[in-house]
Amino acid sequence: MTWVLDNLSTILGAGWAHLWLALPAIVISFLVAVPIAYLANRYRWSRFTVLLAAALLYAIPSLPLFIVLPLVLGTPVRSTTNVIAALGLYGVALMVRYAADALDAVEPDTLLAATAMGYGATRRFLSVQLPLAGPALLAGVRVLSVSTVSLVPVSALLGVNSLGLLLTDGFQRGIVAEVLAGIVATVVVALAVDLGLVALGRLVLPWERARTARSSRKAPAPVEVAA
Amino acid sequence: MNYLVQAWQWLLDPANASGPNGIGARTLEHLSYTLVATAIACLVGIPVGYAIGHAHRGRTVVVASTGAARALPTLGVVTLFGLAFGIGLTAPMVAFVLLALPSVLAGAYSGIEGVPADVVDAARAMGMTEWQILVRVEVPLGLPLLLGGIRSSALQVLATATLAAYVGAGGLGRFLFLGLKTQNYPMMLAASIVVVGLAIGAELTFELVDRLARRGLPTGRAGLASSVVGT
């Protein structure tokens, strides 16, 4: 505990750096994954191909990707761009599946009704399909954010500043408190981002809150079995 | 591109392929870590998951543990146990089992939980004991979800096993950490290619096995019932 108090500014600085690696990656993943999922959903074969490619991309181990990516991008290994790009790639791979399922779950009749009312493809997507898929998309983004935040520490092995540095430094110097602080702080950042997303969800999807209040949360949350 | 050519040459160099520090031996090590960790996770996770699924109690434990496990940084768990158990295989192995456990647990549990209540009631009405219901009805019907869980934990361990080398154990991570320290990019890239190939190969193999297994299985509620009678 004394270690934590003595090094509070180090922890806070690392936590801040951690957040600024994770947040851009989460935002980029979401913005890239949703259009890909929308296009992939058009045909059976395109959905199959895109989801398989995403699964394969997600299967790539993180440390090798952190090493290979700079050679492809031409960025230095220790640059934050490299880390954000790698995290973004994983994020897209994870989010595409959630987004494809979320968009697919919107009632086809509703979409047909929108078309019949004269909505064009873009407006129908933005003002009908996207809001209706909102809650499912939010659930996907929450999984995405937790996994991104907990993936960041691996970049510390390359020397990039984040809470992961507490883990490597603590291990090399044999300070258990530092490693523990790194783990706890990472979980705290993950929780904070998750709470932020829930708050954002309430703001953007106000009708959802009214509905869950009415249905008194009867449906249990699904158990996560990553396919 | 230059690095890629050098990495390829490094891979093809017979001096790097064989021997106790060669790619071959390290790949086998890597795969054995994955197998052992997944097997231990199955030994622990399947009975617990079945018990929870059959009794329909403790659901919150499963949900909370899978969520918490996702938030935990793997590197943190590996280094923490590294400090606790010292340099060697124990620390990463414990960490990998912890990583693999939630998916197996969730797979075992949700497979049993997902069996329709009337199917279980029918089995009970036919005079099956609770044990018979579990072994002859719930376990066969829950098998696809269990296999899905085992698959995702095996893939996760395979991907994370590179970190074992950070605390002094073997596996393909050896080349990555050695390369990081000596600025040997071709070697790092070569080892990365092998790990990525291994992971993608494993994913494709699982997918293929899954498809072949599903082909023989009946689908839908009618299929569910007939498969119960069949077993």
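Just so we're on the same page: letters track the sequence lines, and every chain starts at 1. Quick caveat, the model's predicted, so the values are computed rather than measured.
- Looking at V146(A), the atoms closer than 4.5 Å to chain B (heavy atoms on both sides) sit in the backbone and in the side chain alike.
- With rounding to the nearest 0.5 Å, the separation of CG in L83(B) from CG in L167(A) is 10.0 Å.
- In this structure, Y50(B) has no side-chain hydrogen bond (donor to acceptor under 3.5 Å, both in side chains) partners at least two apart in sequence or on a different chain.
- In this structure, L75(B) CG and F171(A) CZ are separated by 9.5 Å, a value rounded to the nearest 0.5 Å.
- Contact of L163(B) with chain A is made through the side chain alone, with heavy-atom distances under 4.5 Å.
- Applying the side chain to side chain donor-acceptor pair (under 3.5 Å) test to residues at least two apart or on different chains, the pairs with a partner in residues 138-167 of chain A are R142(A)-D194(A).
- Proximity to chain A (any heavy atom under 4.5 Å) is restricted, for F177(B), to the side chain, taken from C-beta onward.
- Residue P73(B) forms a side-chain contact (heavy atoms from CB on, under 4.5 Å) with just one option from T186(A), V152(A), L163(A), and that option is T186(A).
- The distance from the CE atom of M188(B) to the CZ atom of F66(A) is 12.5 Å, given to the nearest 0.5 Å.
- The contact between V167(B) and chain A is made by backbone and side chain atoms together, counting heavy-atom distances below 4.5 Å.
- The CG atom of L157(A) sits 9.5 Å away from atom OG1 of T79(B), with the distance rounded to the nearest 0.5 Å.
- Residue pairs satisfying the salt bridge (charged side-chain N to carboxylate O under 4.0 Å, His left out) criterion with at least one member in residues 78-106 of chain B, sequence neighbours excluded, are absent.
- Residues from residues 16-26 of chain A never place a non-hydrogen atom less than 4.5 Å from a non-hydrogen atom of chain B.
- The shortest side-chain heavy-atom distance between T168(A) and Y166(B) falls under the 4.5 Å cut-off.
- Between P64(A) and V196(B) the shortest heavy-atom distance is CB-CG2, 4.3 Å.
- For the atom pair L172(B) CG and L63(A) CG, the distance stands at 11.5 Å (nearest 0.5 Å).
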